[in-house]
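For reference, the structure is listed below as structure tokens.
All of these numbers come straight from a predicted model, not from anything done at the bench. These numbers come from the heavy atoms of this one structure, side chains and all, not from hydrogens, waters or symmetry mates. Every number for a ligand or one of its atoms is a count from 1 in the order of the listing.
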Amino acid sequence: MAAKAARRPPASETKPVLVLNGPNLNMLGKRQPEIYGRETLVDVEAACRTEAKRLGLGVEFLQSNHEGALVDRIQAAREQNSGIVINAGAYTHTSVALLDALNAAELPAVEVHLSNIYKREAFRHHSYISPAAVGVIAGLGSQGYLLALQALARLLAR
Ligand code: DQA
């Protein structure tokens with residue numbers, strides 16, 4: 001007997017994707033615009049909403065300057081979300097707790113950085129969270145978030 005094809009849930013049944021931003025990303029637009037650009041986080045969120053809609057995905061956002069708040073939200077994502085786009089800001093380079101939370105969430109996660117962290121100071125070259133990510137996008141500015149949503153849409157449609 002032919003194996004039954006796995007049923008792909010319609011987009012309306014797929015849980016929303018979580019877009020998480022870590023410390024200082026609330027300062028986008030004002031903060032070192034020569035590195036991070038002039039768009040604000042509100043602009044980035046609006047672009048993500050438009051792209052998510054085009055892709056048939058729901059999307060939820062959290063920005064926090066607090067590591068524990070990010071850990072709490074990743075834990076909740078295990079039940080509430082289908083995938084994660086994460087720009088952990090400076091916690092990228094310091095946080096075993098975020099790595100553990102992402103591993104425990106067991107969701108596809110895409111790590112995003114606005115800047116090309118490999119072109120910058122050596123301490124930015126290492127990411128604690130990359131081992132928990134399906135992919136990493138760095139250096140493409142806010143477009144990185146949209147590419148991450150596209151990647152998740154494809155993964156979740158499988
Ligand atoms: C960043 C890069 C990090 O090194 C930095 O600490 C940030 C932003 C980026 O988006 O390029 O806060 O994650």
Test item: K15 and Q80 side chains (from C-beta on) under 4.5 Å apart, heavy atoms: no

Within-4.5 Å side-chain heavy-atom neighbours: H113 and T92: yes

S115-R120 side chain donor-acceptor pair, cut-off 3.5 Å: yes

What short N/O contacts, under 3.5 Å, does ligand 1 make with the protein, listed by atom pair and distance?
residue: ligand 1; atom: 4 (O); partner: H93; partner atom: NE2; Å: 2.7
residue: ligand 1; atom: 4 (O); partner: R124; partner atom: NH1; Å: 2.9
residue: ligand 1; atom: 6 (O); partner: A90; partner atom: N; Å: 3.2
residue: ligand 1; atom: 6 (O); partner: R124; partner atom: NH1; Å: 3.0
residue: ligand 1; atom: 10 (O); partner: N87; partner atom: ND2; Å: 2.8
residue: ligand 1; atom: 10 (O); partner: L114; partner atom: N; Å: 2.8
residue: ligand 1; atom: 11 (O); partner: L114; partner atom: N; Å: 3.3
residue: ligand 1; atom: 11 (O); partner: S115; partner atom: N; Å: 2.8
residue: ligand 1; atom: 11 (O); partner: S115; partner atom: OG; Å: 2.6
residue: ligand 1; atom: 12 (O); partner: R31; partner atom: NH1; Å: 3.1
residue: ligand 1; atom: 12 (O); partner: R31; partner atom: NH2; Å: 3.0
residue: ligand 1; atom: 13 (O); partner: N87; partner atom: OD1; Å: 2.8
residue: ligand 1; atom: 13 (O); partner: H113; partner atom: ND1; Å: 2.8

Ring centers of Y91, H93 separated by less than 6.0 Å: no

Residue list, side-chain contact (heavy atoms from CB on, under 4.5 Å) with S130, at least two apart or on another chain: E111, S127, V136

From CA spacing to verdict: side chain to side chain contact (heavy atoms under 4.5 Å, CB included), M27, Y36: CA-CA 10 Å; M27 300 293 287; Y36 298 114; over 6 Å; no

